[in-house]
K.L.:
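If you scroll down you'll find the structure; I have some questions about it.
Just so it is clear, the model here is predicted, and its values are computed rather than measured. All heavy atoms count here, side chains included; hydrogens, waters and symmetry mates do not.
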Amino acid sequence: EQYDQQSLHQQFVGAQVNNSGFWIKVIIFEGELVFRRLTEIPHGYVVDSEFSAVIEPRMKYILRSKGPVRFQFLYYQVVEC
């Protein structure tokens, strides 16, 4: 499923928590997002089509658009071998 700046503001308002149990890679098709990790030492960066974000399981985070944007979440499960 792809999202844009409008769905971002509707579905991802404020701080989020990755409760899926999966690692999530944020893929940007156009535009930019500000990605903030809400850890003990919060930090953030801008993600775009060349620099994606990875959201760990149970991580708190905030996503904010920097104008028009189109993006998708890819879910990965870590399997112990």
K.L.:
Taking only residues two or more places apart in sequence or in another chain, which ones pass side-chain contact (heavy atoms from CB on, under 4.5 Å) with Q10?
P.N.:
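For Q10 the side-chain contact (heavy atoms from CB on, under 4.5 Å) partners, ignoring immediate neighbours, are Q6.
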K.L.:
Mind checking whether F35 and Y75 sit in one hydrophobic cluster, side chains of I, L, V, M, F, W, Y counted as touching below 4.5 Å?
P.N.:
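Per the 4.5 Å side-chain linkage, F35 and Y75 are co-clustered.
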K.L.:
Who pairs with S7 by side-chain hydrogen bond (donor to acceptor under 3.5 Å, both in side chains), at least two apart in sequence or on another chain?
P.N.:
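side-chain hydrogen bond (donor to acceptor under 3.5 Å, both in side chains) list for S7, sorted by chain: D4.
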K.L.:
Going by side-chain hydrogen bond (donor to acceptor under 3.5 Å, both in side chains), name the pairs with one or both residues in residues 16-26, residues two or more places apart or in two chains.
P.N.:
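For residues 16-26: N18-S20.
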K.L.:
May I have the list of side-chain donor-acceptor pairs in residues 38-51 shorter than 3.5 Å, sequence neighbours left out?
P.N.:
residue : atom : partner : partner atom : Å
T39     : OG1  : I41     : O            : 3.0
H43     : ND1  : I41     : O            : 3.3
D48     : OD1  : E50     : N            : 2.9
D48     : OD1  : F51     : N            : 3.0

K.L.:
If the plane angle is over 60° it's perpendicular, under 30° parallel, otherwise tilted; pick one for Y3 and F12.
P.N.:
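The arrangement is perpendicular - the two ring planes meet at more than 60°.
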K.L.:
Indicate every side-chain donor-acceptor pair of residues 55-66 with a distance under 3.5 Å to a residue at least two apart or in another chain.
P.N.:
residue : atom : partner : partner atom : Å
E56     : OE2  : R37     : NH1          : 3.4
E56     : OE2  : R37     : NH2          : 3.3
S65     : OG   : H9      : NE2          : 3.4

K.L.:
Considering only heavy atoms from C-beta outward, does the side chain of L33 approach that of L8 to under 4.5 Å?
P.N.:
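L33 reaches L8 side chain to side chain.
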K.L.:
For F29, enumerate each residue passing the side-chain contact (heavy atoms from CB on, under 4.5 Å) test, keeping only those at least two apart in sequence or located in another chain.
P.N.:
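F29: side-chain contact (heavy atoms from CB on, under 4.5 Å) contacts with Q2, I27, R70, Q72.
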K.L.:
Side chain to side chain contact (heavy atoms under 4.5 Å, CB included) between I24 and V54: does it pass, once the steps are laid out?
P.N.:
CA-CA 6 Å; I24 302 171; V54 175; over 6 Å; no
